[in-house]
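Lettering of chains follows the sequences in order, A, B, ..., and the numbering in each one begins at 1. Quantities reported herein were computed from a predicted structural model and do not represent experimental measurements.
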Amino acid sequence: MPTERYNAAEAEPRWQKIWDERGIFAARNDDPRPKYYVLEMFPYPSGSLHVGHSRNYAIGDAIARYRRAKGFNVLHPMGWDAFGLPAENAAIERKIHPRLWTERNIALMKADLKAIGISYDWSREIATCDPRYYKHQQKMFLDFLQAGLVERRKSKVNWDPVEQTVLANEQVIDGRGWRSGALVEQRELTQWFFKITDYSQDLLDSLDRLDRWPEKVLLMQKNWIGRSEGLLIRFALDERSTPNGENELEIFTTRADTLFGARFMALAPDHPLALAAAQKNPKLAAFIAGCKRHGTAQEIIDKAEKLGFDTGIKAIHPFDPSWKLPVYVANFILMDYGTGAIFGCPAHDQRDLDFVNKYRLGNVPVVCPPSQDAKTFAITDTAYEGDGRMINSRFLDGMTSTEAKEEVARRLEKATRPLAKTQAGKATAPGTAAAGDRPVAERRVNYRLRDWGISRQRYWGCPIPIIHCEACGIVPVPEQDLPVTLPEDVSFDRPGNPLDHHPTWGKVACPQCGNKNARRETDTMDTFVDSSWYFVRFTDPTNAAAPDDPRIANAWMPVDIYIGGIEHAILHLLYSRFFMRAMQKTGHVGCDEPFAGLFTQGMVLHETYRKADGDWITPAEVKITSEGERRRATLAATGEAVEIGPLEKMSKSKRNTVGIVEIVQSYGADTARWLVLSDSPPDREVIWTEQGVQGAARFVQRLWRLVNEAGEIGGGAPAERPAQFSSAATALRKATHQALAAVGDDVEKLHFNVCVAHIHEFANALTVAIGDIAAQEIAADLRWAMREAADILVQLFAPMMPHLAEECWAALGHDTLVAQAPWPALQRELLIEDTITLPVQINGKKRAEVAVPRDAGNAEIEAAVLSLDAVKKTLDGKTPKKVIIVPKRIVNVVA
RNA sequence: GCGGACGUGGCGAAACGGUAGACGCAAGGGACUUAAAAUCCCUUGGGGGAAACCCUGUGCGGGUUCGAGUCCCGCCGUCCGCACCA
């Protein structure tokens with residue numbers, strides 16, 4: 001039968017149009033079937049898509065289509081993370097308005113997503129730069145403010161003096177602004193914060209409930225939150241030595257056991273006591289200024305020498321009033337962790353040891369490692385940071401480190417000292433001032449997690465709905481005035497925030513007192529805010545009155561499977577988890593975890609190509625020739641030699657991308673989708689090669705031929721399932737149902753590469769079956785089995801190659817859509833064999849096989865095994881020591 | 001520095017503690033073609049053998065087990081995350 005080649009370029013748009021016209025991917029909120037919410041991280045609309053981007057959409061779509069077939073009411077929406085800096089950069093570089101640039105990119109990328117046939121419910125499309133979206137974000141900001149989850153306070157930021165804007169840490173490269181190249185300054189700015197630290201413990205504890213998240217991500221979040229238990233200790237200061245009579249210094253430590261090894265105290269350069277001392281000591285002031293100049297680049301921190309400055313202040317040891325400790329300002333103490341002050345125990349902390357060795361302060365070991373003799377144990381240039389027995393520690397001697405920590409805490413909790421006259425360092429227990437005496441120490445849990453600063457001095461973001469009034473202070477924009485929309489007429493011809501320069505936008509009357517000279521907040525929100533709740537908005541995307549309808553949101557949420565890159569393992573996912581809690585607290589939703597399941601897909605890699613002059617060349621411009629094992633690349637247009645470079649993640653900068661449009665036009669979307677799902681486990685990297693594309697394209701054609709051949713044989717089959725099947729028909733049916741069982745299992749586990757292998761196996765089996773019967777008269781039962789095989793084969797690959805599947809489905813005579821067909825019912829009885837073949841091991845090495853009835857007892861199996869020639873030969877008449885029979889798996893004879 | 005993951009043919013990879021290398025790619029041989037493409041068949045971890053088969057093999061060294069790619073301990077290597085976090 002001459003079957004024409006499958007023409008993807010013609011067929012794919014035709015089926016996309018039919019899906020679209022029939023609206024079959026629209027999810028209804030009132031559908032009674034069980035829900036399944038599958039979501040791929042929405043993209044930033046940077047331009048057009050390349051096949052590297054397509055992988056997470058291909059994964060998500062395979063899941064969505066499979067779940068639909070399994071009878072779920074599937075929500076599979078898509079939108080645009082549309083605010084952000086690149087739009088402003090485009091405005092500066094190309095003189096195009098950020099909104100126009102963004103809208104144009106959305107149109108381009110939407111066309112790409114449609115061209116690969118992802119089954120989205122486009123009726124729910126949202127863009128975060130749409131006032132109909134950010135209006136609700138502003139409302140929630142105000143709700144959070146009222147609920148005490150938003151704070152305004154001073155904070156240190158990286159300030160680019162040329163761009164006149166705040167830079168994120170990752171925008172600071174070697175201490176310079178990534179665009180301007182200007183030396184970045186540390187500045188104090190008043191910023192808005194979301195109080196994510198209110199939820200530190202909850203965000204940590206709840207990780208245990210996220211049993212469908214990758215371990216790696218859970219661990220990264222746990223480390224990021226960074227809980228540590230310790231002791232907050234109030235050291236008395238010798239008032240005669242302090243600049244303004246300060247008499248107390250609070251420190252945080254996790255190693256209270258090493259208190260008798262203390263040699264010095266150290267303050268962060270921006271600690272209040274350090275600043276107070278600097279006022280009276282110009283040399284100290286100069287030292288502090290020097291510390292601030294150092295950037296935050298990791299290389300610098302790594303190699304930076306531990307530097308300190310002796311303030312002359314003396315601290316008094318909590319267990320010995322006569323023991324005075326010098327107070328230094330040191331460059332390695334961070335103001336925003338703990339209290340910004342420490343006691344230094346050099347013998348048991350490497351940084352402290354480096355410090356004392358520089359300033360010759362000496363050390364006293366107080367923890368003796370189990371393997372060492374207390375009498376001779378000494379520390380020179382490597383601190384011992386492990387556990388052991390206490391030495392040189394008075395009443396702690398002989399205890400373990402753990403016991404000593406507990407003993408110190410117990411004693412210092414009971415000890416009290418009068419309330420500080422002048423507090424040095426952070427206040428710790430507000431409201432206890434009236435009580436008079438306070439304990440010298442408190443047990444304290446500290447977290448690495450910091451509050452989330454959301455202020456950005458940018459135009460293209462969600463305006464913060466606040467008005468500053470000289471009389472009333474901070475005034476929320478009244479709800480009826482929301483949204484606060486961005487002005488259209490802005491210019492980007494000078495540095496800084498265009499909203500600041502706008503002649504009229506910032507001027508507004510105070511909603512409370514009517515003061516005409518009030519001013520709008522000109523900071524906009526971090527774009528991570530936009531992406532922290534969009535998944536809720538998808539449940540009710542056109543709701544004009546509220547961010548969502550809690551009844552609808554609660555029915556859909558949480559997202560059942562969220563698919564995206566590992567690069568979002570911390571910030572986006574942590575912020576979203578916080579935001580759900582804040583939305584729950586303010587009555588917008590009823591659950592706290594947004595994503596029940598998470599899947600982080602691997603990158604798509606491609607070779608890189610470079611000309612002699614160093615310019616990167618795109619794969620499309622390169623011609624590859626092979627001479628035996630060697631591959632050679634030339635520039636197709638000129639024949640110029642091109643160097644083949646290493647595999648890299650597809651990226652614009654290395655130009656090693658393959659565009660969606662070009663691949664869809666030359667091979668079809670299904671080929672591309674198949675390739676990115678087939679070669680590697682989806683959480684690992686996959687390599688895009690021309691051979692891979694050709695292989696996938698060949699398989700597309702092979703499936704098309706195979707289905708047509710099987711369909712022709714199955715064409716004359718009876719509608720009803722025959723009562724009896726011949727052995728050939730039964731064998732085919734077994735192969736069919738084995739494939740069905742395996743593929744279903746693979747998709748559930750998201751093992752798409754194994755799933756692909758099983759489809760290949762089934763295709764191979766079907767090819768053999770067709771070859772075996774081609775010449776014979778074909779009985780009705782075999783025809784029926786062949787049609788069943790063809791139908792199921794098509795349904796198995798339909799989630800991954802949906803267009804080809806529709807074309808095949810139609811060719812098989814169906815007048816329905818395979819996208820709407822229920823998943824085939826598995827006939828388990830076909831998976832059960834009457835006789836099973838067990839491998840037989842002798843002393844753990846496979847030596848033979850034995851065929852036994854499925855329900856054979858152990859005695860019967862043992863007898864069969866012992867009668868095997870290979871076994872008899874080894875045993876040589878002796879009785880085996882043991883025969884291990886693992887039911888339906890293996891037999892091991894121990895000789 | 002701290003934390004984690006991984007290490008299997010020429011390559012991408014499979015393998016509930018139970019027959020290591022499924023499936024694909026590449027390579028080689030063959031069929032069909034005037035020829036090419038497409039398609040189909042065969043071979044392909046290493047070593048031995050005419051063959052049946054045998055030996056060996058999952059980074060290295062130990063251990064647990066009837067049985068280890070898989071579990072435990074110690075090395076070596078690669079990758080990732082965090083990082084002056086007291």
Side-chain angles (χ1 to χ4, degrees), chain A residues 5 214-224 226-228 230-231 251-256 258 266 268 294 298 300-306 330-334 336-345 348-352 354-355 385 446-450 566-567 569-570 605 626 628-629 631 674-675 678-681 684-687 689-696 698-699 701-702 705 742 751 753-764 767 771 837-849 870 880-886 888-895:
Chain A
R5 283 175 67 79
E215 282 299 323
K216 182 184 168 75
V217 175
L218 293 174
L219 192 71
M220 282 164 72
Q221 293 227 342
K222 188 176 169 220
N223 291 340
W224 189 262
R227 180 193 155 101
S228 60
L231 211 54
I251 62 99
F252 174 74
T253 182
T254 57
R255 293 299 304 271
T258 64
H294 278 294
Q298 282 166 21
I300 298 169
I301 291 169
D302 242 4
K303 291 171 192 152
E305 204 179 358
K306 306 275 176 285
N331 64 346
F332 63 99
I333 308 301
L334 303 172
D336 43 4
Y337 185 79
T339 63
I342 62 148
F343 82 84
C345 176
H348 305 291
D349 183 291
Q350 191 60 46
R351 293 157 303 172
D352 296 350
D354 293 345
F355 188 78
E385 300 187 346
N446 235 302
Y447 301 90
R448 254 178 37 108
L449 183 65
R450 306 289 148 75
I566 186 74
E567 67 274 17
I570 298 174
L605 309 185
S626 3
E629 297 284 292
R631 296 169 68 248
W674 189 253
L675 177 56
S678 67
D679 251 16
S680 302
R684 243 186 273 176
E685 292 159 341
V686 67
I687 303 162
T689 61
E690 186 56 27
Q691 284 95 340
V693 180
Q694 308 252 356
R698 265 202 306 275
F699 192 58
Q701 296 300 336
R702 185 175 162 214
R705 286 194 309 272
H751 293 173
N753 59 323
V754 186
C755 173
V756 163
H758 283 132
I759 289 170
H760 268 285
E761 266 180 342
F762 182 33
N764 291 344
T767 304
T837 304
L838 293 176
V840 176
Q841 293 183 330
I842 298 170
N843 293 329
K845 291 200 170 187
K846 194 214 161 190
R847 284 297 131 101
E849 287 181 344
K881 286 203 188 101
K882 214 186 215 178
V883 178
I884 291 143
I885 297 168
V886 184
K888 300 196 167 57
R889 281 242 155 243
I890 204 165
V891 180
N892 192 9
V893 180
V894 187

Self-check item: Basic-acidic side-chain contact under 4.0 Å: A:Arg255, A:Asp349
Solution: no
Exercise. Would you indicate whether the side-chain heavy atoms of A:His348 and A:Cys345 approach each other to under 4.5 Å?
Key: yes
Quiz prompt | Sugar-phosphate, base or nothing in reach of A:Gln694, heavy atoms under 4.0 Å | solution = nothing
Quiz item: What's the CD-C1' distance between A:Gln701 and B:U39, to the nearest Å?
Solution: 12 Å
Quiz item: Do the non-hydrogen side-chain atoms of A:Pro681 and A:Asn753 ever get within less than 4.5 Å of each other?
Solution: yes
Self-check item: Contacts of type side chain to side chain contact (heavy atoms under 4.5 Å, CB included), residue A:Val894, not counting sequence neighbours
Solution: A:Asn843, A:Lys881, A:Lys882, A:Ile884
Taking N or O atoms only and anything under 3.5 Å, show me the protein contacts with nucleotides 63-68 of chain B, one pair per line.
| residue | atom | partner | partner atom | Å |
| --- | --- | --- | --- | --- |
| B:C66 | O2' | A:Asn892 | ND2 | 3.2 |
| B:C66 | O2 | A:Asn892 | ND2 | 2.6 |

Self-check item: Separation of A:Asn764 CG from A:Glu761 CD (nearest 0.5 Å)
Solution: 7.5 Å
Quiz item: Closest to the A:Asn331 side chain: B:A86, B:C84, B:A15?
Solution: B:C84
Practice problem: Taking the six-membered ring of A:Phe355 (Phe, Tyr or Trp), confirm whether the NZ or CZ of A:Lys306 is under 6.0 Å from its centre and within 45° of its axis. | Solution: no
Quiz prompt | Spacing between A:Ile687 atom CD1 and B:A13 atom P, to the nearest angstrom | solution = 7 Å
Exercise. In whole angstrom, give the distance that lies between atom CE of A:Met220 and atom P of B:C79.
Key: 17 Å
Quiz item: Of all residues at least two apart in sequence or in a different chain, which pass the side chain to side chain contact (heavy atoms under 4.5 Å, CB included) check with A:Ala569?
Solution: A:Val217, A:Met220, A:Ile566
Exercise. Provide the distance between the two C1' atoms, one in B:A5 and one in B:U44, to the nearest whole Å.
Key: 32 Å
Self-check item: Residue A:Ile333, side-chain heavy atoms: nucleotide from B:A26, B:U19, B:A86 that is nearest
Solution: B:A86
Self-check item: Closest nucleotide among B:A86, B:C40, B:U19 to the A:Pro839 side chain
Solution: B:U19
Quiz item: Starting at CG of A:Asp679 and ending at P of B:G24, how long is that distance when rounded to a whole Å?
Solution: 12 Å
Quiz item: Taking the side chain of A:Arg889 as heavy atoms from C-beta outward, which of B:C16, B:C40, B:A86 is closest to it?
Solution: B:C16
Quiz prompt | Minimum heavy-atom distance A:Val686-A:Asp679, with the two atoms named | solution = CG2-CB, 3.8 Å
Practice problem: Side-chain contact test, heavy atoms from C-beta onward, threshold under 4.5 Å: evaluate it for A:Thr258 versus A:Phe343 and give yes or no. | Solution: yes
Please produce a list of atom pairs where a protein N or O lies less than 3.5 Å from an N or O of nucleotides 54-59 of chain B.
| residue | atom | partner | partner atom | Å |
| --- | --- | --- | --- | --- |
| B:C55 | OP1 | A:Arg847 | NH2 | 3.4 |
| B:C55 | OP2 | A:Arg847 | NH2 | 3.4 |
| B:U56 | OP2 | A:Lys845 | NZ | 3.1 |

Quiz item: Taking atom P of B:C82 as reference, at what distance in whole Å does atom CD1 of A:Ile566 sit?
Solution: 10 Å
Practice problem: Can you tell me, in whole Å, how much space there is between the P of B:G77 and that of B:C60? | Solution: 15 Å
Self-check item: Distance between C1' atoms of B:C11 and B:C66 (Å, rounded)
Solution: 37 Å
What pairs of nitrogen or oxygen atoms, one from the protein and one from nucleotides 1-8 of chain B, lie under 3.5 Å apart?
none

Quiz item: Counting side-chain heavy atoms from C-beta on, which of B:C82, B:A86, B:U19 comes nearest to A:Arg448?
Solution: B:C82
Exercise. Measure distances between side-chain N and O atoms of A:Arg450 and base N and O atoms of B:C85, and say whether any donor-acceptor pair falls under 3.5 Å.
Key: yes
Quiz item: Does a side-chain N or O from A:Asn446 land closer than 4.0 Å to OP1 or OP2 of B:A86, or not?
Solution: no
Exercise. For A:Ile759, report the nucleic acid contact type (base, sugar-phosphate, nothing); a contact means any heavy atom under 4.0 Å.
Key: nothing
Quiz prompt | OP1 or OP2 of B:A86 under 4.0 Å from side-chain N/O of A:Ser228 | solution = yes
Exercise. Could you work out the separation of B:U8 and B:U70 based on their C1' atoms and round it to a whole Å?
Key: 12 Å
Quiz prompt | C1' gap between B:G57 and B:A50, integer Å | solution = 25 Å
Quiz item: RNA chain B: A:Pro681 or A:Thr689, which has the more 5' nearest nucleotide?
Solution: A:Pro681
Practice problem: Measure the distance from CG on A:Asn764 to P on B:U39 and round it to the nearest whole Å. | Solution: 14 Å
Quiz item: With rounding to whole Å, what would you report as the distance between B:A86 and B:C79 at their P atoms?
Solution: 28 Å
Practice problem: Would you indicate whether the side-chain heavy atoms of A:Glu849 and A:Leu838 approach each other to under 4.5 Å? | Solution: no
Quiz prompt | A:Val840 side chain reached by A:Arg847 side chain, heavy atoms, under 4.5 Å | solution = no
Practice problem: Output, in order, the C-alpha distance, side-chain angles, deciding distance and verdict of side chain to side chain donor-acceptor pair (under 3.5 Å) for A:Arg448 and A:Ser228. | Solution: CA-CA 8 Å; A:Arg448 254 178 37 108; A:Ser228 60; over 6 Å; no
Quiz item: The side chain of A:Val754 lies closest to which of these nucleotides: B:A15, B:C23, B:C82?
Solution: B:A15
Quiz item: Tell me: CG of A:Asp336 to P of B:A83, nearest whole Å?
Solution: 12 Å
Quiz item: Rounding to the closest angstrom, what is the interatomic distance between B:C23 and B:G17 at atom C1'?
Solution: 24 Å
Quiz prompt | Rounded distance [0.5 Å steps], OG1 in A:Thr254 versus CG in A:Asn446 | solution = 9.5 Å
Quiz item: In what stems does RNA chain B take part, counting only runs of at least 3 consecutive Watson-Crick or G-U pairs whose two distances fall under 3.5 Å?
Solution: B:1-7 with B:76-82, B:10-12 with B:23-25, B:27-31 with B:39-43, B:45-48 with B:53-56, B:59-63 with B:71-75
Self-check item: Whole-Å distance separating the CD1 atom of A:Ile885 from the C1' atom of B:G17
Solution: 18 Å
Quiz item: Less than 4.5 Å apart, any side-chain heavy atom of A:Ile759 and any of A:Phe699?
Solution: yes
Quiz item: Considering heavy-atom distances to RNA chain B, does A:His760 or A:Trp224 have its closest nucleotide positioned more toward the 5' end?
Solution: A:His760
Quiz item: Nearest to the side chain of A:Ile890 - B:G18, B:C84, B:A86?
Solution: B:G18
Quiz item: Any idea if B:G9 is syn or anti, going by the 90°-from-0 cut?
Solution: syn
Exercise. Taking all heavy atoms of A:Leu231 and all of A:Ala256, pick out the closest pair and write down the distance.
Key: CD2-CB, 3.7 Å
Self-check item: Rounded distance in Å between the P positions of B:C72 and B:A26
Solution: 38 Å
Quiz prompt | Side chain proximity check, A:Phe332 to A:Asp352, heavy atoms < 4.5 angstrom | solution = yes
